[in-house]
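This structure is a prediction, so every number in the text was calculated from the model and none was measured.
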Amino acid sequence: MSVPELPEAETIARQLRAEVLGARIVGVSVQRPMSVRPHSTRAFRALVRGRTVTDVERRGKCPLLRLGTDCWLIVRLGMSGRLLVGNGPTRRPLHTRVALRFRDGRELRFVDPRAFGWLSAECAGEADSLSQLSRLGPEPLSRHWTPEMLAEALAGRRAGIERVLMEGRAVAGIGKIYADEISYAAGLHPDRRANTLSEAEMRRLVRAAKSVLRRAIHHGGTSAADEKYVDAYGNNGGFQLLLNAYQRTGEPCRRCGEPIARIPMNGRGAHYCPCCQR
DNA sequence: AGTTGGACCTGACTGC
DNA sequence: TGCAGTCAGGTCCAAC
């Protein structure tokens, strides 16, 4: 099971930019009312129908479609959400929750087996001012995200670094896969208390986050295990081949050869090398 | 305010 | 073969 995080959302957003920019939404089909929030189906349809996709962006783990001049369609992929571009006449995939039909006959389908995801429409002018994303921290790949900013976010936090990374307030877009990979790359134990990091360790953590996320985007994201992530064309990513920690329990650490361990943490499992991560 | 753990959901897997 | 139980985890929320 691999869940969409920042690199997967970025891959989808880039592909959608190439596919649906300029396309006008002429039909909105909501198969599962809970998959549009917080609107009623009727309100969601009224917000979206008739508008043209003028931009595609990403914030954290969320692809964003700009509709017209001032509205945004916010895509919360949840655990299993997919955005698939399909031809109108082709049969919709199982678990299609919402379908947006374009004037050229194609459809953008929100397919979400686990139903943890949803779509929101919000009119706010710029993506930066979307209230639904206002609690998100800085973008890790922005040059404005620095060790100094991380230090500020970690100050006084006794929680483990993976928990803090995954909360999304210190930095946006990181979930289980990349929290494990970033901790590994930084040589830090995933449950290391956030307020005990030295300046050097914080620099390592920021550098590791940027490098892991950039490489994952370059490889089209992670498609691991069973119900895996696929991009907007239904294709797998390639980063699962380059994972160092996530889902490698018992396999040798690529750095020191010790078996990768998996320990319960925050109600989830964390994968790490007991030898390399302190 | 920070921290912790449970709820939500369903496909894949495990064990009897 | 089949069925019950368990696990996965993004996000929200209640309780300490």
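Using a 4.0 Å heavy-atom distance criterion, A:G267 is classed as making no nucleic acid contact. Heavy atoms of A:R158 sit under 4.0 angstrom from primed sugar atoms or phosphate atoms, though from no base atom.
Between the CD atom of A:E167 and the P atom of B:dG2 there is a distance of 9 Å, given to the nearest Å. Nucleotide C:dT11 holds its C1' atom 13 Å from the CG atom of A:L133, rounded to whole Å. Note: CE (A:M265) to C1' (B:dG5) measures 15 Å, nearest angstrom. The CZ atom of A:R82 sits 20 Å away from the P atom of B:dC9 (whole-angstrom rounding). The nearest whole Å value for the distance from the CZ atom in A:R59 to the P atom in C:dT11 is 12 Å. One atom, CZ of A:R32, and another, P of B:dC8, lie 13 Å apart when rounded to the nearest Å. To the nearest angstrom, P of C:dG10 lies 11 Å from CD of A:E162. In this structure, A:D112 places its CG atom 13 Å from C1' of B:dG11, rounding to the nearest Å.
Considering only the side chain of A:R76, C:dT11 comes nearest among C:dT11, C:dG10, C:dA8. Comparing C:dT11, C:dC12, C:dA8 by their nearest atom to the side chain of A:R262 picks out C:dA8. Across C:dC12, C:dT11, C:dA8, the shortest atom-to-atom separation from the side chain of A:R268 is found for C:dT11. Listed candidates were C:dG10, B:dT4, B:dG11. Nearest to the side chain of A:A159 is B:dT4. For A:A115, the listed nucleotide lying nearest its side chain is B:dC9; candidates were C:dT11, B:dC9, C:dG10. Closest approach to the A:R163 side chain among C:dC12, C:dG10, B:dG5 is made by B:dG5 (side chain taken as heavy atoms from C-beta onward). The side chain of A:W118 sits closest to C:dC12 out of C:dC12, C:dA8, C:dG10.
Side-chain to base pairing of A:R114 with C:dA8: one donor and one acceptor N or O lie within less than 3.5 Å of each other. One cannot find a donor-acceptor pair under 3.5 Å joining the base of B:dT10 and the side-chain atoms of A:R97. Residue A:R169 places no side-chain atom within donor-acceptor reach of the base of B:dG2, judged by atom type and a 3.5 Å distance cut-off alone.
Salt-bridge formation is not detected for the pair A:R278/A:E201: no Lys NZ or Arg NE/NH1/NH2 atom is positioned less than 4.0 Å from an Asp or Glu carboxylate oxygen. The pair A:K61-A:E5 does not meet the salt-bridge criterion, since no charged nitrogen lies less than 4.0 angstrom from a carboxylate oxygen. Between A:E107 and A:R109 there is a salt bridge, with a side-chain nitrogen of the basic residue lying less than 4.0 Å from a carboxylate oxygen of the acidic one. Salt bridge A:R66/A:E57: absent, no basic N to carboxylate O contact under 4.0 Å.
Neither A:W118 nor A:L130 shares a network with the other; the hydrophobic side chains, linked directly or stepwise wherever heavy atoms of I, L, V, M, F, W or Y lie under 4.5 Å apart, form separate groups for each.
In terms of phosphate contacts, A:H95 brings a side-chain nitrogen or oxygen within less than 4.0 Å of OP1 or OP2 of B:dG11.
Taking the ring axis of A:Y184 as reference, the NZ or CZ atom of A:R255 stays within 45° of it and closer than 6.0 Å to the ring centre.
Taking the nucleotide of DNA chain C with the nearest heavy atom to each of A:H271 and A:Q132, the more 5' of the two is matched to A:H271.
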